[in-house]
Engineer: 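I have a structure here, written as structure tokens, and I will follow up with some questions on it.
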Amino acid sequence: MKPFFFLLLLAVSVRGAGRDPGEAAVHFLEKIREKKLNLEPGGDTALAAQTSDYKRKQIADRLDRLVSDLGSSPLEAGPVRVDGELAAVLVRKTGGFDPDRLQVFPVALVKRDVEWIAAPVPASFENSGVGY
């Protein structure tokens with residue numbers, strides 16, 4: 001019985017690590033919506049370790065304001081652009097047919113090892129340790 005649980009745990013962890021940029025972007029926004037985002041270096045974002053506490057607070061405040069825009073509608077990944085170790089994804093809210101209420105959220109991602117991780121600031125690689 002123990003080997004079965006070990007294989008199940010291994011399969012779940014491998015699936016999470018193989019997430020494509022679109023899935024990673026949607027997962028990032030869902031964590032923001034649930035207010036469960038770990039904004040520490042090595043957490044749920046590609047936040048650079050040298051980011052000051054003041055800047056982290058600014059980023060956290062910005063993400064808190066995003067919660068109301070995300071609402072409760074389902075999110076889906078739209079167009080994805082990958083350039084080496086960097087990616088950009090447009091995530092849109094689904095549900096409803098009113099084009100005036102359409103919302104799109106751009107998410108920047110950085111590839112670390114085999115995993116795509118969202119940059120801490122939506123639509124930007126700011127504070128993710130990415131050089132020019």
Side-chain angles (χ1 to χ4, degrees):
M1 193 68 165
K2 286 182 183 180
F4 172 76
F5 287 115
F6 175 75
L7 290 175
L8 180 63
L9 181 63
L10 183 63
V12 169
S13 64
V14 168
R15 186 187 182 314
R19 193 177 282 156
D20 71 18
E23 290 174 24
V26 169
H27 183 70
F28 168 69
L29 292 176
E30 287 173 345
K31 281 201 159 208
I32 291 172
R33 181 181 4 205
E34 296 166 0
K35 296 185 178 186
K36 293 182 179 179
L37 187 73
N38 178 358
L39 199 55
E40 294 297 317
D44 294 325
T45 69
L47 183 72
Q50 64 270 24
T51 304
S52 70
D53 290 336
Y54 176 73
K55 184 61 179 183
R56 278 190 218 163
K57 174 77 171 109
Q58 285 183 320
I59 294 169
D61 290 344
R62 182 175 179 178
L63 296 177
D64 283 342
R65 288 189 304 271
L66 183 60
V67 171
S68 63
D69 289 337
L70 290 169
S72 60
S73 297
L75 301 171
E76 70 178 19
V80 176
R81 174 75 187 252
V82 177
D83 187 4
E85 303 294 306
L86 305 176
V89 179
L90 295 178
V91 178
R92 58 185 170 247
K93 281 201 312 191
T94 60
F97 297 100
D98 185 359
D100 290 336
R101 296 181 52 148
L102 175 69
Q103 286 185 289
V104 177
F105 304 94
V107 178
L109 296 107
V110 179
K111 190 171 190 178
R112 301 270 165 86
D113 297 321
V114 297
E115 186 176 9
W116 286 101
I117 304 172
V121 179
S124 174
F125 292 99
E126 178 182 349
N127 294 103
S128 61
V130 175
Y132 292 106

Engineer: Val104 vs Val91, test: side chain to side chain contact (heavy atoms under 4.5 Å, CB included). Steps then yes/no.
Structural biologist: CA-CA 6 Å; Val104 177; Val91 178; over 6 Å; no
Engineer: What I want to find out is whether Glu30 reaches Lys36 closely enough, with some N-O distance under 4.0 Å, to be called a salt bridge.
Structural biologist: no
Engineer: Measuring from Asn127:CG to Gln50:CD, what's the distance to the nearest 0.5 Å?
Structural biologist: 8.5 Å
Engineer: Is the side chain of Asp44 donor-acceptor paired with the backbone N or O of Asn38 at a distance under 3.5 Å, no angle test?
Structural biologist: yes
Engineer: Check each of Thr45, Asp64, Leu66 against Ile32 using the side chain to side chain contact (heavy atoms under 4.5 Å, CB included) test, and report the only one that passes.
Structural biologist: Leu66
Engineer: Any chain of hydrophobic side-chain contacts (each under 4.5 Å) joining Leu39 to Ile117?
Structural biologist: no
Engineer: Measuring only between side-chain heavy atoms, which start at C-beta, is Trp116 closer than 4.5 Å to Val82?
Structural biologist: yes
Engineer: May I ask you to test the Leu90-Pro106 pair for a side-chain heavy-atom distance under 4.5 Å?
Structural biologist: yes
Engineer: For the pair Asp20 (side chain) and Gly22 (backbone), establish whether a donor and an acceptor sit closer than 3.5 Å, ignoring hydrogens and angles.
Structural biologist: yes
Engineer: Between Gly129 and Ala48, which heavy-atom pair has the shortest distance, and what is it?
Structural biologist: N-CB, 3.8 Å
Engineer: What pair of heavy atoms forms the shortest contact from Ala108 to Ser124, and how long is it?
Structural biologist: CB-O, 3.4 Å
Engineer: Can you name the closest pair of heavy atoms from Pro21 and Ala87 and give their distance?
Structural biologist: CB-CB, 4.0 Å
Engineer: Looking only at heavy atoms, what is the nearest atom pair of Ala119 and Phe28, with distance?
Structural biologist: O-CZ, 3.7 Å
Engineer: Is Asp69 close to Phe105 at the side-chain level, that is, under 4.5 Å between some pair of heavy atoms?
Structural biologist: yes
Engineer: On a heavy-atom basis, which atom in Val67 and which in Arg33 lie closest, and how many Å separate them?
Structural biologist: CG1-O, 4.0 Å
Engineer: So, taking the atom named CG in Leu47 and the one named CD in Glu126, what distance separates them when rounded to the nearest 0.5 Å?
Structural biologist: 10.5 Å
Engineer: Are Pro120 and Arg62 packed together at the side-chain level, in the sense that at least one heavy-atom pair is separated by less than 4.5 angstrom?
Structural biologist: no
Engineer: Return yes if some donor-acceptor pair links the side-chain N/O of Ser128 with the main-chain N/O of Ala46 below 3.5 Å, else return no.
Structural biologist: no
Engineer: Just wondering, do Lys93 and Leu102 contact through their side chains at under 4.5 Å, heavy atoms?
Structural biologist: no
Engineer: Can you name the closest pair of heavy atoms from Leu75 and Thr94 and give their distance?
Structural biologist: N-OG1, 4.4 Å
Engineer: So does Arg92 pair up with Glu76, basic N to acidic O under 4.0 Å?
Structural biologist: yes
Engineer: Is the closest basic N to carboxylate O distance between Asp61 and Lys57 below 4.0 Å?
Structural biologist: yes
Engineer: Nearest 0.5 Å, please: how far is NE2 in His27 from CG in Leu37?
Structural biologist: 9.0 Å
